[in-house]
Amino acid sequence: MDVRKEIIDFFQKNGMLIQPDAVELIIERGGVRECYGILERMEEKPLIVSADIIRRYLTEDFAEKTTAASRKEVFVVQEEKVRRGDFKILRDVTGNSTCEGKIEDFVQLFRNRFEKLSAFLRKRQEMRNAVPIKKALRSSEEIATIGIVREVVSSSNGVVVEIEDEEESMKVFVPKNVDSMIVQDEVIGVVGKKKGDLFIVKSVVRPEIPVERRKNVSDIEEYVLFLSDLHVGSKSFLDKEWERFIEWINGRKGNERQREVSKKVKYVVVCGDDVEGVGIYPGQEEDLIIEDLYEQYEELAKKLEGIPPEIKILLQPGNHDAVRPALPQPAFEKEIRDLFSHLNITFVGNPCYFKIGETVVLAYHGQSIQDFATYIPNMNQNQPTKIMREMLKRRHMAPIYGSISSLAPEKEDFMVIDVVPDIFVTGHVHVTAVEQYRDVILLNASAWQSQTEYQRMMNFMPDPAKAIVVNLRTLMPSIISFT
Ligand SMILES: [Fe+2]
């Protein structure tokens with residue numbers, strides 16, 4: 001058995017939810033055998049086991065422990081009345097689409113992207129004195145300029161990149177050791193100098209997110225739970241595991257502490273591919289147990305009926321769902337929404353920014369994860385949080401036009417990361433991943449479908465039937481497995 005899974009299971013069996021960094025610490029300091037000692041030395045069992053808690057009980061550190069009293073205060077489980085933080089959608093294409101489907105509108109989309117992202121770049125120290133490309137072309141001094149990447153051509157020692165602003169374009173040479181991760185249609189700043197006819201880049205600057213910022217936390221302990229890729233209607237939907245999840249969320253399964261968490265879940269976010277859909281890939285009919293799209297949504301409604309009605313469900317579409325495939329995707333149309341009218345559901349678009357209490361969440365199905373994996377060296381779709389970092393650095397979720405994920409010619413670019421979220425969640429690649437980048441929690445929510453033949457071909461390595469819960473008071477994520 002995988003050592004990480006073994007450690008997670010060990011703590012789960014003992015009524016605790018262990019955080020990913022705590023698992024890594026245990027592996028680093030001796031592995032699974034350390035778990036027994038840690039458990040023995042614990043005076044009280046905390047609900048959430050953080051790396052800090054593990055550090056207190058590791059063999060070599062235990063002798064010089066703090067007093068019992070100071071240890072105890074870590075484990076005080078807050079007995080607070082749970083009230084629901086206010087929910088608000090901050091940004092969503094639903095009802096705000098300006099797309100007429102005209103090819104000329106792409107000009108407007110890219111202009112808007114350039115405006116938004118160059119404004120972020122101008123705030124960067126290195127770009128304070130950035131000049132338009134027209135001026136950079138005439139200069140022989142070291143100079144900074146900003147452009148949208150039109151073309152990237154690899155050479156043996158770097159890439160030749162064509163950048164463009166509102167009036168001019170220029171070719172720049174980026175040596176391999178300066179940056180090898182430039183993708184088409186992202187907006188970058190370059191600092192460099194002309195050498196003969198070629199502009200040699202010394203550094204590439206990206207819009208980026210701040211190193212530090214104030215986290216927007218709730219003053220009460222409540223949880224938001226993330227799911228994705230249910231694929232209801234597929235023969236590979238994990239029925240038994242879903243039933244276990246429903247039992248747990250109703251407080252009927254799991255030990256006392258796990259049940260305590262389930263009682264405090266106030267929101268369930270489903271990040272797309274809610275149903276399997278029809279005609280999504282060649283030969284999909286073979287994989288369907290429900291062949292009619294509407295019946296798939298009816299079945300999804302039945303599945304979601306198991307979630308207690310006081311929990312609000314946010315339902316987002318993905319590439320398998322019954323909305324336009326191009327990004328950004330609006331929420332479901334009325335005829336689908338009506339199938340869920342008896343449930344406590346808010347339908348959102350993809351992507352969607354929303355706020356729970358003070359916490360800002362950016363939920364995005366994640367279609368472009370595969371584009372990043374294709375165009376950036378050493379990126380892998382099975383490590384989505386690594387790719388989500390690249391999205392945050394570029395302040396853009398899907399820069400590459402004309403690749404796997406398609407973009408709609410909206411007049412405003414909804415894929416720009418205008419606001420830095422507290423939680424950034426994706427799905428789509430069917431793995432479960434938790435990470436932090438700067439002060440943003442990155443999550444890839446698990447799927448509820450086992451590996452299909454098509455996914456095997458596409459190199460999808462699923463890690464299904466897990467729920468990620470985030471405590472909105474601490475923004476600490478934990479994974480609960482239902483396998
Ligand atoms: Fe999916």
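Counting starts at 1 for both ligands and their atoms, in listed order.
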So, applying side-chain contact (heavy atoms from CB on, under 4.5 Å) with Leu17, which one of Asn471, Ile48, Ile8 is it? Ile48

Does Lys116 form a salt bridge (Lys or Arg N to Asp or Glu O under 4.0 Å) with Asp413? I'd like the steps, not just the answer. CA-CA 9 Å; Lys116 284 183 175 195; Asp413 191 345; over 6 Å; no

How about Phe332 and Phe340: are their ring centres within less than 6.0 Å of each other? no

Check for me: within less than 2.8 Å of the Fe ion (ligand 1), which protein N/O/S atoms show up? Asp229 OD2, His231 NE2, Asp273 OD2, His430 NE2

List the steps, then state whether side-chain hydrogen bond (donor to acceptor under 3.5 Å, both in side chains) holds for Gln329 with Gln316. CA-CA 9 Å; Gln329 295 179 295; Gln316 181 172 58; over 6 Å; no

For the ring pair Phe460 and His430, is the centre-to-centre distance below 6.0 Å? yes

Cation over ring face, Lys266 and Tyr223, 6.0 Å, 45°: no

